[in-house]
> 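Okay, handing you the structure first.
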Amino acid sequence: MGVKHHDFKRCDQSGFCKRNHAFADDITAKGRGASPFRLDPSTIRTKNGIVEGTILKQLSDTENVRLPLTITFLDSGSARIQIDEERRQKGDIVLRHDSKARKERYNEAGSWALTGAGLQPQKLGNFNKGDDLATVWWGPSDEFTATITYSPFAVEFFRDGKKQVILNERGFMNLEHWRPKVDKPTKEEGKEEEKKDEPAVAEEDESTWWEETFGGNTDSKPRGPESIAMDITFPGFQHVYGLAEHTSPLSLKETRGGEGNFDQPYRFWNADVFEYELNSPMTLYGGIPFMQAHNKDTTVGIFWLNAAETWVDIVKTKQDTTLGLGGHTDTQTHWISEAGVMDIFIMLGPTPKALSKKYAELTGYTAMPPMFSIGYHQCRWNYVSDEDVKDVDHKFDQYNIPYDVIWLDLEYTDDRQYFTWNPDSFPNPIGMEAQLDENERKLVILIDPHIKNKAGYPIVEELKSKDLAVKNKDQNIYEGWCWPGSSHWIDCFNPAAREWWKTLFAYNKMKGVSPNVHIWNDMNEPSVFNGPEVSMPRDNIHHGNWEHRDLHNINGMTFHNATHHAIMSRVKGELVRPFVLTRAFFAGSQRFGAMWTGDNQADWGHLAASIPMVLNQGVSGYPFGGADVGGFFGNPSKELLTRWYQAGTFYPFFRGHAHIDARRREPYLAGSPYTEVITQALRLRYSLLPSWYTAFREAATEGAPIIRAQYYVHPRDEAGFAIDDQFYVGSTGLLAKPVVTEGGESVDIYIADDETYYDYNTYKTYKGAGKYHTVAAPLEKIPLLMQGGHIISRKDRPRRSSGLMAWDPYTLVVVLDKNGQAEGELYIDDGKTYDFEHGAFIHRSFDFKNTKLTSSDASSKDSPKDTKKKPAYLKTMTGVTVERIIIVNAPQQWRNLLNVKITGSDVISGAIAGVTYHAAEGGNAAWAVVRNPDVKIGNDWAIDFEVAGGAKSEL
Ligand code: NOJ
């Protein structure tokens with residue numbers, strides 16, 4: 001077992017990465033003054049929040065390359081820097097090999113990744129053009145400043161006078177300009193070369209300019225070298241996060257060697273990496289070139305909008321204290337892409353939360369998922385027949401184990417032809433779906449982007465006749481090898497292909513599919529078994545004549561997007577939320593559904609690694625993710641499987657999955673006590689679904705991660721910045737640290753703040769800021785604490801699926817903080833449709849203060865398009881109540897409290913509910929339960945815990 005390193009490039013095997021490393025080393029040796037890039041001050045103009053000019057790349061004393069520069073100062077306080085190459089922009093270049101590829105640098109990444117929001121330029125506060133540099137002020141009360149140095153070109157960004165981000169501090173900026181291939185005379189011809197002007201930069205190594213061969217595949221590179229690079233420094237920042245998807249720790253490591261560091265940059269070239277390794281900067285299935293840099297005072301971000309192969313170096317430099325100013329560490333990064341325009345967003349914070357919002361403004365928010373999709377998913381490669389599916393479904397019920405979705409991998413199809421069913425093993429898919437529907441369960445089936453190349457298969461015939469497939473460099477339909485054998489690939493960059501894709505999912509066209517069927521898009525990097533690095537040749541051609549190299553990292557997202565829209569429009573007028581899982585992704589994929597971390601292994605290391613990976617998805621703006629529970633390859637021990645379910649309970653996307661060769665491992669097969677413990681973990685997930693759903697709502701409206709790292713929740717606590725094995729669930733104050741080691745009997749949970757934390761089940765208290773606290777964790781226990789000050793919403797009645805819980809009453813857990821207060825929010829809607837966009841939702845704010853728990857409307861925080869569906873929805877919810885309120889850390893004065901008074905808009909006067917008080921015991925906090933207060937979840941109400949004689953008096 002192990003990744004095949006020789007299948008994937010290292011930086012020194014990737015021509016442009018190697019060239020840019022060499023360029024950077026050369027500049028470092030000569031000093032940054034040797035950088036050939038300078039902004040010509042005479043070209044600088046400003047208009048409506050935009051600064052424009054021309055950067056000159058000096059080739060010799062007499063020859064420059066013109067690079068148009070645009071710096072846009074955005075409404076959000078972010079800035080966007082775009083640099084193009086005039087000659088390619090004008091199409092004034094000659095392509096080699098008679099290529100029909102586009103001549104421009106790829107400039108359409110934004111049309112996929114950006115939503116259009118947050119892109120408005122804003123009025124500049126002030127602009128000052130000096131002899132050596134220009135200064136720009138913008139933002140509310142000129143909060144932000146940028147200084148643009150002309151020679152070498154560099155930009156420094158300040159917030160409130162403090163330097164946050166520097167572009168080209170080290171002079172590694174590069175843009176390989178177009179040049180014709182000059183065939184040099186061979187040595188045999190024996191002529192002396194004429195001496196030209198002394199080049200401004202050292203003689204370059206041309207060996208990878210015109211052709212590149214790796215693993216037996218040759219890239220014809222019709223446009224020659226065209227890479228771009230920029231060095232970006234974060235002064236005073238020791239930690240950087242983001243750059244999903246890698247198996248690195250959450251706090252990203254250095255990449256230029258040295259003890260404990262990586263010796264390779266983080267790489268983005270979406271790929272099907274078989275048996276991927278842990279603790280590695282190697283590329284994986286998806287990529288989001290967004291980075292957060294963080295210190296205790298501020299957080300800033302970089303979004304490098306580029307869809308070509310990209311490498312990112314990270315180096316951390318300790319600055320000395322010689323001036324007595326106190327040492328600090330700078331993080332220096334170096335971003336290198338093979339092609340495209342340079343397009344960089346600089347986000348100036350000030351907090352992790354603010355950054356999430358700014359990034360989501362640009363690339364979009366997490367789509368509000370259908371409720372079922374945040375329940376548990378049962379998958380394996382493969383359930384072998386419709387009877388098998390029905391049997392597994394029955395078994396879950398027999399063992400009282402909740403689940404929402406069962407999945408069909410590849411083998412349900414007839415000969416791996418998507419949109420067909422194997423007639424022998426799945427003779428009656430509709431009957432199977434009907435059984436699932438009895439418990440409101442769903443089916444997800446796999447549809448991949450490779451289409452079997454087989455005569456008579458109507459889908460491939462249409463693909464070809466409509467000319468909707470990806471082409472090879474000679475403009476013929478591209479043929480490669482994937483699951484079905486010889487295949488062609490749909491080109492979802494083509495609007496006509498997306499329209500056609502939609503038609504295939506219509507109920508009257510797609511056979512054997514009921515409304516409870518949703519879709520899994522796999523292999524969309526794309527995975528091509530016989531292609532270079534298990535993908536497509538870079539010189540393949542997509543819609544618009546763009547080369548595959550230009551847009552590779554977006555490819556998976558375009559397929560995900562096409563399927564998402566296809567499911568949405570299965571029937572006219574039926575607007576239900578689709579669920580589509582993807583393996584490949586890019587910035588913006590959060591708008592189309594969930595992702596998962598691909599083919600992991602059934603070992604403890606992979607379980608542990610899944611937590612930083614899923615956390616990093618949140619940091620990178622794509623929080624709806626999870627890892628295969630149990631591990632894809634191999635057979636987990638029962639202990640590992642159980643611990644994996646306990647961890648998976650906290651993945652935003654929670655699915656068990658296994659390889660075709662792995663043994664069956666449905667939770668009921670594990671046997672006692674494992675089955676019971678796994679069931680408990682699943683029940684925990686289901687009971688907390690209201691809180692998870694509220695966390696998804698925050699992702700959908702604020703861009704916030706769903707599970708949140710220590711640095712994110714406690715941005716000023718430096719001791720927590722590198723912690724990535726524990727996390728908070730949304731804004732609930734729930735702090736979990738799943739056991740990820742074999743034989744583990746306890747974990748040490750780090751508590752950052754001076755609030756008291758309570759064990760989720762026993763209310764045992766943990767207190768002490770900046771310290772680790774040992775929490776016992778025998779097999780049946782998930783270490784899970786509640787931070788004082790929160791109100792957590794649950795539904796505690798065990799049901800078979802989330803759909804059957806829709807009308808169940810709520811339990812509220814009020815965890816009082818050190819001042820006897822708590823607050824929380826709950827968001828509810830129908831979990832199915834888009835009616836919430838028309839006001840059909842409930843958003844409550846719960847508040848415990850001065851002996852009173854109140855529920856008030858928080859819907860002013862939402863901005864639906866209109867509220868026309870609100871009254872009808874609220875009517876459907878009038879029967880949904882709160883059946884229990886638990887108050888943790890209940891004051892001692894309540895020990896004889898028998899009843900609480902309830903008031904509210906439609907509460908009868910004099911209403912009361914009974915209270916049971918449980919005194920503190922040992923290390924466990926006191927708690928009280930209000931029994932059946934029967935208040936409506938959608939209404940305003942208050943419950944008064946005042947004891948006779950006044951709140952503060954001792955009885
Ligand atoms: C690769 C996916 O990563 C895996 O989850 C799936 O089971 C196989 N493809 C077969 O479709």
Side-chain angles (χ1 to χ4, degrees), residues 646 649-650 680-681 683-685 687-688 690-692 694-695 707-708 710 713-714 717 720 723 726-739 746-778 780-796 810-826 846-849 851 853 884-895 897 915-930 945:
Q646 293 178 335
T649 292
F650 293 97
Q680 243 175 47
R683 292 228 167 281
L684 175 68
R685 171 67 168 222
S687 107
L688 284 170
S691 293
W692 282 100
T694 304
I707 61 169
R708 299 179 188 167
Q710 203 65 29
V713 179
H714 301 284
D717 178 48
I723 293 178
Q726 63 177 57
F727 50 83
Y728 290 83
V729 178
S731 300
T732 60
L734 284 166
L735 173 60
K737 180 165 182 174
V739 176
S746 65
V747 297
D748 294 330
I749 299 191
Y750 175 75
I751 290 182
D753 51 332
D754 63 1
E755 258 315 326
T756 305
Y757 283 68
Y758 303 87
D759 181 277
Y760 185 77
N761 296 305
T762 64
Y763 311 140
K764 183 173 167 159
T765 60
Y766 295 89
K767 194 170 164 55
K771 282 200 293 221
Y772 281 89
H773 301 257
T774 301
V775 177
E780 67 279 8
K781 174 127 184 142
I782 310 175
L784 177 60
L785 306 182
M786 302 184 288
Q787 183 192 31
H790 297 273
I791 300 178
I792 301 165
S793 303
R794 306 197 307 218
K795 284 191 174 185
D796 285 352
Y810 287 82
T811 292
L812 301 180
V813 184
V814 181
V815 191
L816 297 182
D817 69 7
K818 49 184 195 268
N819 306 314
Q821 299 184 359
E823 55 188 35
E825 280 189 24
L826 172 64
F846 303 121
D847 194 20
F848 191 100
K849 215 185 283 150
T851 80
L853 172 65
R884 188 183 302 109
I885 298 169
I886 300 170
I887 292 102
V888 179
N889 190 21
Q892 229 219 336
Q893 294 95 309
W894 295 3
R895 67 185 183 273
L897 189 66
V915 179
T916 314
Y917 182 82
H918 304 263
E921 213 187 316
N924 299 355
W927 53 291
V929 182
V930 178
F945 291 76

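Just the heavy atoms: all of them, side chains too, but no hydrogens, waters or symmetry mates, feed the values below.
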> For a 4.5 angstrom cut-off between non-hydrogen side-chain atoms, does Asn889 reach Thr756?
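No; the side chains remain at least 4.5 Å from each other.
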
> Does Lys818 have more than 12 heavy atoms from other residues, nucleotides or ligands lying within 6.0 Å of its NZ?
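Correct, the count exceeds 12.
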
> Can you measure from OH (Tyr766) to CD1 (Ile749) and round to the nearest 0.5 angstrom?
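Separation between the atoms: 7.5 Å.
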
> Using modelled atom types and a 3.5 Å cut-off, is there a donor and acceptor pairing between side-chain atoms of Arg708 and backbone atoms of Tyr728?
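Pair absent, no side-chain N/O of Arg708 close to backbone of Tyr728.
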
> With a 6.0 Å cut-off on the ring centroids, do Tyr758 and His790 count as close?
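Tyr758 vs His790: aromatic centres not under 6.0 Å.
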
> Parallel, tilted or perpendicular: which describes the rings of Tyr772 and Tyr750, with under 30° parallel and over 60° perpendicular?
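Plane angle between 30° and 60°, so tilted.
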
> Quick check: are there more than 12 heavy atoms from other residues, nucleotides or ligands sitting under 6.0 Å from NZ of Lys767?
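Counting neighbours around NZ of Lys767, more than 12 heavy atoms of other residues, nucleotides or ligands fall under 6.0 Å, so yes.
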
> Taking atom CG of Asn761 and atom CD of Gln680, what is their separation to the nearest 0.5 Å?
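Nearest 0.5 Å value for the CG-CD distance: 8.0 Å.
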
> Please report the shortest heavy-atom distance between Glu755 and Asp817, naming the atom on each side.
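Taking Glu755 first and Asp817 second, the nearest heavy atoms are OE2-CB, 3.2 Å.
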
> At what distance, to the nearest 0.5 angstrom, does CH2 of Trp927 lie from CD1 of Ile886?
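Taking CH2 in Trp927 and CD1 in Ile886, the distance rounds to 6.5 Å.
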
> If you count every heavy atom of other residues, nucleotides or ligands that lies below 6.0 Å from Glu921 atom CD, does the total exceed 12?
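Atom CD in Glu921 is not crowded, with 12 or fewer foreign heavy atoms closer than 6.0 Å.
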
> For Asp759, does its backbone N or O pair with a side-chain atom of Thr762 as donor and acceptor, under 3.5 Å?
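Judged by distance alone, no pair lies under 3.5 Å.
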
> Determine whether more than 12 heavy atoms belonging to other residues, nucleotides or ligands lie under 6.0 Å from atom CD of Glu823.
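No, because the 6.0 Å sphere around CD of Glu823 holds 12 heavy atoms or fewer from other groups.
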
> Apply the test side chain to side chain contact (heavy atoms under 4.5 Å, CB included) to residues Ile885 and Phe848: give CA-CA distance (whole Å), side-chain angles for both, the deciding distance (0.1 Å), then the verdict.
CA-CA 12 Å; Ile885 298 169; Phe848 191 100; over 6 Å; no

> Which pair of non-hydrogen atoms, one from Ser691 and one from Ser793, has the smallest distance, and what is that distance?
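In terms of heavy atoms, the two residues are closest at OG-O, 2.8 Å.
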
> What do the steps show when you test Gln787 against Val815 for side chain to side chain contact (heavy atoms under 4.5 Å, CB included), and what is the final call?
CA-CA 7 Å; Gln787 183 192 31; Val815 191; over 6 Å; no

> Could you label the plane-to-plane angle of the Phe945 and Trp894 rings as parallel, tilted or perpendicular, counting under 30° as parallel and over 60° as perpendicular?
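The rings of Phe945 and Trp894 lie parallel, inter-plane angle below 30°.
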
> What pair of heavy atoms forms the shortest contact from Leu816 to Ala890, and how long is it?
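Distance-wise, the nearest heavy atoms are CD1-CA, 4.5 Å.
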
> Quick one: pull up CZ in Phe727 and CG in Leu734 and give me the separation to the nearest 0.5 Å.
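So the gap between those two atoms works out to 10.0 Å.
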
